[in-house]
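Treat the numbers as computed from the prediction; the structure is a model and nothing was measured.
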Amino acid sequence: MAQMNMLQAVNNALMTAMEENERVMVLGEDVGHFGGVFRATSNLQEKFGRERVFNTPLVEQGIIGFANGLASQGSVAVAEIQFGDYIFPAFDQIVNETAKWRYRSGGQFSVGSLTIRTPYGGGIAGGLYHSQSPEAYFAHTPGMKIVTPRNPYQAKGLLLASIRDDNPVLFMEPKRIYRASVGDVPEEDYELPLGKAEVVKEGSDITLLAWGAQMEVMEKAAAMAEKDGISCEIVDLRSILPWDAETVCASVEKTGRLIVSHEAPQTGGFAAEISAKVQERCFLYLESPIMRVCGLDTPFPLAHEKEYMPDELKVYEAIKRSMNF
Amino acid sequence: MAQMNMLQAVNNALMTAMEENERVMVLGEDVGHFGGVFRATSNLQEKFGRERVFNTPLVEQGIIGFANGLASQGSVAVAEIQFGDYIFPAFDQIVNETAKWRYRSGGQFSVGSLTIRTPYGGGIAGGLYHSQSPEAYFAHTPGMKIVTPRNPYQAKGLLLASIRDDNPVLFMEPKRIYRASVGDVPEEDYELPLGKAEVVKEGSDITLLAWGAQMEVMEKAAAMAEKDGISCEIVDLRSILPWDAETVCASVEKTGRLIVSHEAPQTGGFAAEISAKVQERCFLYLESPIMRVCGLDTPFPLAHEKEYMPDELKVYEAIKRSMNF
Amino acid sequence: MKTRNHLSDVGVVNQVNIISNGLIDIPMLQILAPDGTVLEGAVEPELSKETALKIFQTMQFIRVLDERMVAAQRQGRISFYLASTGEEAASAASAAALSFDDMIMSQYREQAALAYRGYTTEQFMNQMFSNEKEPNKGRQMPIHYGAKELNFMTISSPLGTQIPQAAGYAYGQKMEGKDAMTICYFGEGAASEGDFHAGLNMAAVLSCPVIFFCRNNGYAISTPADEQFKGDGIASRGIGYGIKTIRVDGNDALAIYAATQKAREIAVSEKCPVLIEAMSYRLAAHSTSDDPTGYRSKEEEAQWKAKDPIARMANWLVSKGWLNQEENAKHVEAMRQDVLTELKRVEKVPVCPIDDLVTDVYSEVPWHLEEQLKDLKEHIKKYPEHYPKTAGRVE
Amino acid sequence: MKTRNHLSDVGVVNQVNIISNGLIDIPMLQILAPDGTVLEGAVEPELSKETALKIFQTMQFIRVLDERMVAAQRQGRISFYLASTGEEAASAASAAALSFDDMIMSQYREQAALAYRGYTTEQFMNQMFSNEKEPNKGRQMPIHYGAKELNFMTISSPLGTQIPQAAGYAYGQKMEGKDAMTICYFGEGAASEGDFHAGLNMAAVLSCPVIFFCRNNGYAISTPADEQFKGDGIASRGIGYGIKTIRVDGNDALAIYAATQKAREIAVSEKCPVLIEAMSYRLAAHSTSDDPTGYRSKEEEAQWKAKDPIARMANWLVSKGWLNQEENAKHVEAMRQDVLTELKRVEKVPVCPIDDLVTDVYSEVPWHLEEQLKDLKEHIKKYPEHYPKTAGRVE
Ligand SMILES: Cc1ncc(C[n+]2csc(CCOP(=O)(O)OP(=O)(O)O)c2C)c(N)n1
Ligand SMILES: Cc1ncc(C[n+]2csc(CCOP(=O)(O)OP(=O)(O)O)c2C)c(N)n1
Ligand SMILES: [Mg+2]
Ligand SMILES: [Mg+2]
């Protein structure tokens with residue numbers, strides 16, 4: 001075990017994957033000698049050479065197009081998009097190509113060995129274009145897997161599983177806690193399961209569901225609520241697509257209440273899908289409406305970032321509203 | 001009044017808008033002399049010249065980028081994307097640029113005079129790439145308006161309103177009924193309101209909500225259900241963003257039951273947003289879970305298109321399930 | 001750390017110096033005159049009788065197939081078709097210059113390359129009828145072929161996407177140390193997409209052994225080339241990317257063969273991309289959904305009919321003594337029969353069972369698709385007459 | 001119907017003829033030698049003393065501003081900054097060659113063009129402190145300027161998106177029959193984006209009066225130009241699009257001015273795009289988030305410091321008798337004071353009231369944002385100490 005922050009855990013996972021399988025390649029803007037703008041790919045080029053770890057020209061549609069080709073050839077491509085906000089030029093390559101490759105070819109071909117890493121989320125004074133949480137845009141796309149870790153341990157285990165999973169994975173890294181989240185991470189190789197949520201804390205009155213950096217917010221809100229005698233069950237979704245409705249519904253059937261929270265704008269966010277599905281399945285168990293504590297339906301602001309964010313106070317207020325419904 | 005099919009109504013709206021305002025321009029792949037692959041822009045170039053109605057090179061990101069520029073300059077740009085499936089290369093220009101232009105500039109600049117027209121939807125043996133319904137991808141994007149007509153009368157009135165609205169509008173045309181849907185359309189200029197749903201048929205037992213070509217399916221299902229003595233209220237959402245929760249919730253509060261249907265895959269589709277919001281608002285009125293009758297969570301298939309589609313039989317079955325819950 | 005060199009080779013000038021289009025003027029390689037005679041000064045590529053005839057027969061087969069399938073579409077037997085009439089040489093002769101291990105990523109009008117690789121009449125039919133014998137499982141519209149065993153990537157409709165993909169595929173081949181490369185076909189219209197720029201630039205920077213083969217056939221649906229670009233075709237763009245480029249007469253099978261052979265040699269030995277622009281003409285309608293009389297003249301079409309690549313190659317083959325026109329006519333008739341027979345036979349083959357609606361979305365069918373399939377099956381069993389393609393086989 | 005011409009001008013060759021990079025070699029315009037003397041044979045552009053000094057003072061102001069704001073960022077007074085040190089000439093002198101009515105669409109390193117247009121120190125500060133006096137309402141990170149009254153489009157971070165937008169804007173200007181055009185600035189890195197391809201090709205085909213001004217400063221963050229492209233810079237791409245192209249020394253204000261003046265004349269009179277590539281060097285770090293010592297050498301930086309565009313122009317101005325170095329030193333000191341004073345003053349200005357969180361998403365605030373704002377205000381009133389920027393003014 002070593003103490004690592006999330007960037008180190010990501011870096012360590014990449015090292016581990018590249019050591020174990022020489023077909024793993026890392027590509028993206030500035031990922032080479034420089035090690036990426038967040039340094040998640042530090043020392044990889046030195047260790048594995050310029051052919052396995054390389055800078056690309058500045059063109060996201062090309063990065064994913066190229067990585068799609070690489071993966072379809074059988075190489076294991078780990079492509080970095082420098083910020084989640086800049087993934088949209090690659091939207092066609094992801095949504096129309098990556099996600100549909102296996103299906104359209106009847107399984108003859110696939111890009112299952114592709115992993116797309118990208119930092120996402122707010123809280124770093126990034127304004128419109130260095131703060132977005134684009135998960136819901138991809139969650140409407142059959143064929144993709146979407147994964148987000150909440151801490152360094154999760155990051156390493158989930159990233160290794162993503163790289164090795166035989167499906168394309170969008171791996172979203174919560175950049176706000178890249179350095180802030182520190183914890184024990186095994187030096188050895190391990191994987192955590194995709195498609196499985198995790199009950200992080202058991203409770204009986206209400207279920208709080210989130211993923212990535214938002215987990216910290218849920219924990220703080222739960223601590224506030226506990227002081228009022230409200231027992232919160234906290235669930236980390238971990239995989240956004242396909243998502244683990246079973247674990248979530250089991251929790252809701254126990255508590256009767258659910259709050260889902262994400263930073264992305266509320267309308268059309270992934271909380272909507274969860275809410276829709278849970279009310280379908282757990283209709284008779286619900287004691288109050290499923291609530292969403294999300295970003296406002298605006299572009300991501302700068303001066304009003306604090307006000308925009310679904311912080312612990314807003315979650316705490318929602319908990320009380322739900323309890324008092 | 002004249003009898004028109006939906007293509008003629010769209011064409012007529014474009015004619016009307018271009019006659020009334022000389023700053024209106026129409027651009028896109030093959031929209032010039034040829035009149036577009038569906039002929040929605042027939043005769044426009046002949047009438048208004050090659051400078052106001054022009055073919056672009058084959059590059060969707062460029063079409064929208066160019067149209068964004070045109071609109072920000074004050075021209076009124078009506079850009080066609082040949083198929084909804086090919087809008088994704090323009091995703092960045094739409095989601096990061098079009099939608100955020102006004103906000104990021106504090107209202108100094110905007111592309112409010114941009115309208116993007118695109119045919120969408122299945123039922124034409126188009127397979128993966130000539131069948132998609134991408135509305136939900138855009139509905140998660142504050143700053144956009146999204147509008148869909150269900151028949152020729154709606155098409156003309158909503159398209160004219162979209163072109164003149166001071167916000168960028170994605171106008172999605174249900175291509176399956178381009179020629180099949182025929183009806184009376186006034187020759188004169190008129191507009192229908194954006195952001196307003198319409199109760200197409202009143203009823204008391206259950207609310208059926210859809211938009212575009214799916215309205216026909218709802219009507220057929222309602223007819224089947226009426227034979228069983230179930231009284232269906234049918235609502236056409238018309239505007240997907242911002243959407244008219246008030247009208248929808250009023251209907252649900254009356255009937256106590258809701259079915260939402262769209263062709264796009266269920267997970268992360270816009271029915272999820274509607275369901276999430278309606279259960280929030282109408283929790284105590286709901287007599288059964290809100291149900292979604294949608295496309296399967298697969299890419300759009302060809303050989304199994306019939307099976308994939310949320311047809312009237314599936315909606316009818318859902319009505320019965322909802323009534324018998 | 002490497003020293004940077006973005007200025008190291010730049011000359012200086014003291015007056016405003018405008019570089020304009022006229023600076024270059026890229027000629028095209030031609031070996032056969034339109035009448036099939038070898039042009040003076042031209043050197044025939046090394047081409048065995050066997051290969052020459054295989055190219056020729058492939059072109060003829062595709063001409064026959066295209067004719068027949070356009071008719072079948074009119075009769076409502078298939079939903080869609082897209083012919084390559086007039087452009088058969090570009091794909092047949094380029095495919096012939098490749099090694100079988102080379103990956104082909106095509107746009108959609110390169111059926112001759114696929115046929116050259118050995119795709120059978122039956123396979124063509126299976127795809128067009130979206131039936132259960134088709135390895136792509138009938139999920140895409142007709143003409144979206146794909147055959148793993150022939151190293152022919154399944155076609156996808158969005159234009160241009162295969163261009164950066166081909167660069168990536170080729171990079172993977174290079175990393176594996178194989179003597180194989182990738183060829184990527186696309187139209188001059190698709191070359192306007194952003195993915196074209198991405199693909200060519202990345203291939204150059206990342207040293208990918210790939211041939212970018214542009215069929216410049218003058219139209220993208222109704223849009224003529226001069227509303228598509230203003231440069232000297234697509235070839236002139238190669239310069240900007242630092243990519244070696246060859247322009248070739250797209251209706252001259254020998255020239256195509258020679259150009260592709262050379263391009264492959266360069267790509268594999270120098271580990272770099274090569275751009276080929278083949279100048280041709282789409283004699284066919286864009287597809288069966290299109291009617292070109294709305295946007296071009298009969299005279300223009302006639303001019304190009306006169307440059308027919310099949311007739312041109314036939315004359316050359318006859319002059320070599322490798323072809324007998326009478327025998328060939330019989331051969332063509334046999335092809336026609338074969339196509340007809342297969343068409344009739346294959347149109348009766350059923351589509352895949354309903355389970356295949358949800359396979360291949362992921363490597364395994366996930367829980368939510370299991371559920372959706374289960375519900376769907378129950379529904380179909382309730383209304384079997386409404387789902388005739390699959391109801392009979394829902395267990 | 002027009003006759004098509006995609007083959008009408010094509011010459012023929014009989015041997016495989018490989019067009020390679022070496023075919024062209026684009027020189028760059030230089031008027032001033034690095035020591036500020038006019039090069040032999042070079043002609044000074046027509047440039048009044050007033051304009052020359054305005055260019056020069058703008059460059060100096062930006063140098064001062066950049067220095068100060070980098071320091072302010074280090075002190076934690078602003079969250080982010082991005083300097084243009086070493087590249088001031090490219091934007092100041094090009095902006096000087098425009099008409100005020102011309103629209104400027106910039107990337108983010110063209111603060112000198114904005115200052116040339118008249119953006120004040122206070123305005124710069126307002127933007128960087130995201131305050132309520134800022135017309136962009138503090139919604140974007142520092143350096144995302146925009147000023148409608150100065151015809152300077154608000155900057156957006158996604159790279160390359162402004163390139164096709166500029167083509168469209170220019171088309172609109174042409175349609176309005178105005179004697180105005182658009183200039184679009186971008187880096188050599190951004191020129192790799194698909195939008196670059198889209199924008200240049202569309203501008204050429206649709207005859208848009210636009211100058212595409214590429215600052216080739218050798219780096220895109222850490223990525224050197226030779227990992228960005230393999231062609232002869234960005235200029236060589238102009239040929240492929242059929243766009244008139246000028247390469248210029250980016251550190252020579254006179255050359256930039258002359259090139260841009262000529263380009264504007266062509267763009268407006270011929271209604272067409274012109275591409276300018278200015279060869280320079282990013283002496284600054286990419287931004288305050290970057291540390292270039294990780295990817296380039298001090299020697300390389302030193303070489304380029306020696307080519308400083310400000311010193312070069314100063315020498316020329318002195319030789320013309322238009323500048324007195326001592327007076328100038330005082331002037332620079334005054335600028336520094338002005339920047340410091342404004343910084344101190346402006347950092348106290350509050351941000352916009354909370355209502356502005358939801359304005360400008362649409363032309364009117366829709367029902368759902370009204371609701372969200374209402375809830376938010378109630379929440380802030382409950383916890384005012386947690387939202388200190390806005391709580392005081394929630395009514
Ligand atoms: C991204 C995308 N946009 C639009 C289309 C619709 N479309 C299909 S073919 C075509 C024209 C292609 O022309 P070209 O590349 O020259 O190939 P050709 O048909 O001439 O062989 C268009 C616009 C598409 N398939 N994909
Ligand atoms: C679409 C997009 N991708 C990535 C980024 C992150 N990014 C910001 S600046 C930059 C480098 C730009 O280099 P260049 O265009 O050469 O301009 P320079 O900084 O050298 O002036 C990158 C990669 C971005 N802003 N937008
Ligand atoms: Mg073409
Ligand atoms: Mg640069």
*Asks:* With side-chain contact (heavy atoms from CB on, under 4.5 Å) as the criterion, how do D/S157 and A/Y86 come out once you've worked through the C-alpha distance, each side chain's angles and the decisive distance to 0.1 Å?
*Replies:* CA-CA 9 Å; D/S157 324; A/Y86 304 135; 3.2 Å; yes
*Asks:* Are D/F196 and A/V59 side-chain neighbours, meaning at least one heavy-atom pair lies under 4.5 Å?
*Replies:* no
*Asks:* Please determine whether side-chain contact (heavy atoms from CB on, under 4.5 Å) holds for the pair D/D290 and A/F34, giving the CA-CA distance in whole Å, both sets of side-chain angles, and the decisive distance to 0.1 Å.
*Replies:* CA-CA 10 Å; D/D290 177 48; A/F34 187 56; 3.5 Å; yes
*Asks:* Answer yes or no: are there more than 12 heavy-atom neighbours, outside D/R74 itself, under 6.0 Å from its atom CZ?
*Replies:* no
*Asks:* Counting only non-hydrogen atoms closer than 4.5 Å, can you tell me which residues of residues 363-374 of chain D sit against chain A?
*Replies:* D/H368, D/L369, D/Q372
*Asks:* Once you round to the nearest 0.5 Å, how far does OH of D/Y387 lie from CE of A/M309?
*Replies:* 10.5 Å
*Asks:* Taking C-beta and beyond as the side chain, do A/P301 and D/Q140 meet within less than 4.5 Å on heavy atoms?
*Replies:* no
*Asks:* Can you find a side-chain donor-acceptor pair between A/E317 and D/Y383 that sits under 3.5 Å?
*Replies:* yes
*Asks:* Need one label for A/F300: side chain, backbone, both or neither, based on atoms under 4.5 Å from any heavy atom in chain D.
*Replies:* backbone
*Asks:* Between A/L128, A/I124, A/L296, A/T56, which shows the greatest number of heavy-atom pairs under 4.5 Å with chain D?
*Replies:* A/L296
*Asks:* Side chain, backbone, both or neither: which part of A/Y316 has a heavy atom under 4.5 Å from chain D?
*Replies:* side chain
*Asks:* Can you tell which part of D/H386 gets under 4.5 Å to a heavy atom of chain A, answering side chain, backbone, both or neither?
*Replies:* both
*Asks:* Pick one of side chain, backbone, both or neither for D/P353, based on which atoms fall under 4.5 Å of a heavy atom in chain A.
*Replies:* backbone
*Asks:* So, do A/F88 and D/T161 sit near enough that their side-chain heavy atoms are less than 4.5 Å apart?
*Replies:* no
*Asks:* I'd like to know which of D/Q228, D/H286, D/E188 tops the heavy-atom pair count under 4.5 Å against chain A.
*Replies:* D/Q228
*Asks:* Return yes when atom CZ of D/R345 has more than 12 non-hydrogen atoms of other residues, nucleotides or ligands closer than 6.0 Å, and no otherwise.
*Replies:* yes
*Asks:* As an exercise: rank D/G194, D/A190, D/A391, D/S289 by heavy-atom pairs under 4.5 Å with chain A and give me the winner.
*Replies:* D/G194
*Asks:* Once you round to the nearest 0.5 Å, how far does CG of A/L302 lie from SG of D/C352?
*Replies:* 11.0 Å
*Asks:* Report yes if the side chains of D/K382 and A/L313 come closer than 4.5 Å at any heavy-atom pair, otherwise no.
*Replies:* no
*Asks:* For D/S222, does its backbone N or O pair with a side-chain atom of A/H33 as donor and acceptor, under 3.5 Å?
*Replies:* no
*Asks:* Is any NZ, NE, NH1 or NH2 atom of the basic residue among A/E305 and D/K389 found under 4.0 Å from an Asp or Glu carboxylate oxygen of the other?
*Replies:* no
*Asks:* At a 4.5 Å cut-off on heavy atoms, which part of A/E312 comes close to chain D: side chain, backbone, both, or neither?
*Replies:* neither
*Asks:* Out of A/G127, A/G35, A/P57, return the one with the most heavy atom pairs under 4.5 angstrom to chain D.
*Replies:* A/P57
*Asks:* Below 4.5 Å from any heavy atom of chain A, which atoms of D/I221 appear? Answer side chain, backbone, both or neither.
*Replies:* both
*Asks:* Kindly compute the distance separating NE2 (A/H304) from CD1 (D/I354), expressed to the nearest 0.5 Å.
*Replies:* 4.5 Å
*Asks:* Using side-chain heavy atoms (C-beta onward) and a distance below 4.5 Å, is A/L58 in contact with D/L159?
*Replies:* yes
*Asks:* Report yes if some heavy atom in the side chain of A/D297 is under 4.5 Å from a heavy atom in the side chain of D/V361; otherwise report no.
*Replies:* no
*Asks:* Is there side-chain contact between A/E307 and D/I380, with at least one heavy-atom pair below 4.5 Å?
*Replies:* yes
*Asks:* Which atoms of A/E60 are under 4.5 Å from chain D, going by heavy atoms: the side chain, the backbone, both sets, or neither?
*Replies:* both
*Asks:* In terms of heavy-atom pairs under 4.5 Å with chain D, which of A/G32, A/G62, A/S131, A/A303 leads?
*Replies:* A/A303
*Asks:* Sort A/D311 into side chain, backbone, both or neither according to what part of it lies under 4.5 angstrom from a heavy atom of chain D.
*Replies:* side chain
*Asks:* With no hydrogens and no angle check, is any side-chain donor or acceptor of A/N55 less than 3.5 Å from a backbone partner on D/E227?
*Replies:* no
